[in-house]
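Right, one structure below, let's go through it.
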Amino acid sequence: MQRKGGRNGRKGGRDAGAADQADQADQADQGEQIDQGEQADQADQADQGEQIDQGEQVDQGEQVEQVLDELYLTPPPAFVAHREERAAASRTAGRKEDARRIHAARRPTLAAWAANLLARSRPEETRRFLALGQALREAHRTLDADGLKELSAQRRRIVAALSRHAAQLADEAGHRLSQAAQREVESTLRAVLADSDAAGQWAGARLEVSLTPPSAFPSGTAAAPPARPGPEPAPRPKSSRAASGTRAKDELAERRRRRREERERAEQEAERARQRLRAARAEQADAETSLHAADDRLAGAQAALDAAEERLRAAHEDLDRAARDRREAEERDRAAAHAVTEAEREARASARRVDRSGGPVR
């Protein structure tokens with residue numbers, strides 16, 4: 001019976017050990033599953049963090065674009081101050097690249113600002129005007145004479161209407177356009193119709209100067225396509241007088257053509273020179289405004305420096321007075337210590353004299 005009980009005991013011990021091992025294996029599996037779950041959670045958090053960072057970068061990119069859009073709708077007299085304020089805010093927020101882009105923005109001329117204002121304030125009319133320009137360019141490319149004639153009539157009417165809208169918007173913003181500025185707005189609108197690059201610039205509403213239309217823009221009628229060649233008629237003999245007259249007419253026509261081309265080139269060069277002059281004046285005005293702002297900051301810094309130097313002089317004077325007071329106190333302290341020493345010596349001498357005299361008299 002005892003042997004049987006021992007076998008049963010050993011068997012029970014083996015079963016208990018196996019159960020413990022199974023429990024440990026289950027715990028290990030659970031721990032591994034927990035670790036895997038934690039790793040998955042950490043990976044999800046990292047992905048979410050990366051998505052947040054990307055979202056912040058996109059938001060910052062959109063923010064600087066919004067700032068630039070806002071700047072080019074700001075009236076030119078207030079442009080530089082507003083630009084420096086927004087650039088300083090970006091630098092304070094640690095967005096150095098945004099601050100650089102904002103500070104690089106150039107102040108637009110009054111006419112360019114009015115054109116920007118028109119593009120932003122009248123989006124539906126802007127869309128239709130851009131579509132008209134695309135249709136005009138296509139008609140010119142395909143030599144569609146009827147289409148050009150109809151679209152050119154719309155062009156003149158719409159350019160005049162939009163230039164009046166731009167002048168009205170500028171006036172409502174407190175800046176009346178001169179006749180020269182209105183002509184620059186019309187020049188910009190004609191350039192938008194004639195050139196796709198100019199259309200893209202105006203649609204962005206960030207013009208700094210007015211645009212100039214190309215000289216080769218269609219005038220409203222297209223040249224007829226060349227006729228098919230037919231049999232050439234037999235040449236008639238011409239008299240010397242008729243031939244001389246024909247040559248004179250040809251020479252006159254050639255001289256007129258050359259003068260017309262020279263005049264067109266001169267006008268284009270003059271327009272480019274005027275545009276460069278406007279840009280240079282705008283840059284000069286921008287530089288002068290920046291200079292005035294720098295002068296104001298310099299004057300403020302100089303005043304602060306003068307006040308600091310005055311406080312420093314006062315502090316030096318206080319230091320000198322404190323040093324003199326300390327020296328005087330040290331002298332009084334030494335004199336008092338000397339007096340105490342003399343008094344102690346006299347007291348000891350008096351005490352010895354009393355001791356020698358044998359005590360007080362009775």
Side-chain angles (χ1 to χ4, degrees), residues 64-65 67-84 86-87 100-122 125-126 129-130 133 137 155 158-160 162-171 173-217 264-293:
V64 70
E65 295 299 329
V67 170
L68 290 173
D69 288 342
E70 175 188 341
L71 271 178
Y72 282 98
L73 297 182
T74 302
F79 181 90
V80 174
H82 192 44
R83 179 193 65 189
E84 297 305 313
R86 300 310 297 265
R100 185 195 64 78
R101 288 190 60 194
I102 294 171
H103 185 71
R106 299 269 69 84
R107 183 176 70 169
T109 63
L110 195 61
W113 165 73
N116 294 335
L117 200 61
L118 176 65
R120 289 292 183 192
S121 302
R122 304 292 177 92
E125 295 180 10
T126 298
F129 191 70
L130 292 172
R137 293 190 296 273
R155 178 191 67 180
I158 295 176
V159 165
L162 287 182
S163 63
R164 288 195 300 269
H165 288 329
Q168 180 182 357
L169 290 171
D171 191 28
H175 299 276
R176 184 179 297 276
L177 295 185
S178 64
Q179 292 183 355
Q182 291 185 29
R183 285 194 296 270
E184 290 181 21
V185 173
E186 292 179 358
S187 173
T188 296
L189 294 175
R190 288 195 300 271
V192 168
L193 292 176
D195 183 69
S196 58
D197 292 337
Q201 294 178 39
W202 180 63
R206 294 183 188 175
L207 295 178
E208 297 174 359
V209 295
S210 301
L211 302 177
T212 303
S215 59
F217 189 80
E264 289 178 355
R265 285 194 296 269
E267 289 176 352
Q268 292 175 9
E269 182 59 31
E271 179 59 30
R272 285 193 291 268
R274 286 193 293 269
Q275 188 170 352
R276 289 193 296 269
L277 177 61
R278 289 193 295 267
R281 285 176 175 172
E283 185 67 22
Q284 181 186 20
D286 193 357
E288 289 178 353
T289 304
S290 299
L291 178 61
H292 292 328

Determine, step by step, whether Val159 and Leu193 satisfy the side-chain contact (heavy atoms from CB on, under 4.5 Å) criterion, reporting the C-alpha distance in whole Å, the side-chain angles of both residues, the deciding distance to 0.1 Å, and the verdict.
-> CA-CA 9 Å; Val159 165; Leu193 292 176; 3.8 Å; yes
Locate the shortest heavy-atom distance separating [X] from [Y]; write the atom from each residue and the value.
X      : Y      : value
Val192 : Ala199 : O-CB, 3.6 Å
Ile102 : Val67  : CD1-CG1, 3.7 Å
Ala198 : Ala191 : CB-O, 3.5 Å
Ala181 : Ala111 : O-CB, 3.6 Å
Ala114 : Val185 : CB-CG2, 4.3 Å
Ala170 : Leu177 : CB-CG, 3.9 Å

When you measure from the side chain of [X] to the backbone N and O of [Y], does any donor-acceptor pair fall under 3.5 Å?
X      : Y      : value
Arg83  : Ala105 : yes
Arg122 : Arg120 : no
Asn116 : Ala112 : yes
Ser121 : Leu118 : no
Thr188 : Leu211 : yes

Reported [atom1]-to-[atom2] distance for the pair [X] and [Y], which is rounded to 0.5 angstrom:
X      : Y      : atom1 : atom2 : answer
Leu110 : Arg176 : CG    : CZ    : 12.0 Å
Arg107 : Leu71  : CZ    : CG    : 12.5 Å
Thr212 : Glu184 : OG1   : CD    : 9.0 Å

Heavy-atom side-chain contact between Arg86 and Glu70 under 4.5 Å: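 The answer is yes; the side chains approach within 4.5 Å.
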Do Gln182 and Ser163 have side-chain heavy atoms sitting under 4.5 Å apart?
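With C-beta onward as the side chain, the pair stays apart.
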- Item | Pair Glu65 + Arg206: basic N to acidic O under 4.0 Å |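 Here Glu65 pairs with Arg206 in a salt bridge, since their nearest N and O are under 4.0 Å apart.
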Note: Asp195-Arg137 ion pair, threshold 4.0 Å (strictly below)
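Judged by the 4.0 Å cut-off on N to carboxylate O distance, Asp195 and Arg137 do not form a salt bridge.
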Worksheet entry | Aromatic contact, Trp202 with Phe129 (centres under 6.0 Å) |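 Aromatic pair counts; centres sit under 6.0 Å.
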| query | Run the side-chain contact (heavy atoms from CB on, under 4.5 Å) check on Tyr72 and Leu207 step by step: do they pass? | reply | CA-CA 8 Å; Tyr72 282 98; Leu207 295 178; over 6 Å; no
- Going through the checks in order, is the side-chain contact (heavy atoms from CB on, under 4.5 Å) test met by Trp113 and His175? CA-CA 10 Å; Trp113 165 73; His175 299 276; 4.0 Å; yes
- prompt: Between His165 and Gln168, is a side-chain contact (heavy atoms from CB on, under 4.5 Å) present by the stated rule, with each step listed?
  reply: CA-CA 5 Å; His165 288 329; Gln168 180 182 357; 4.1 Å; yes
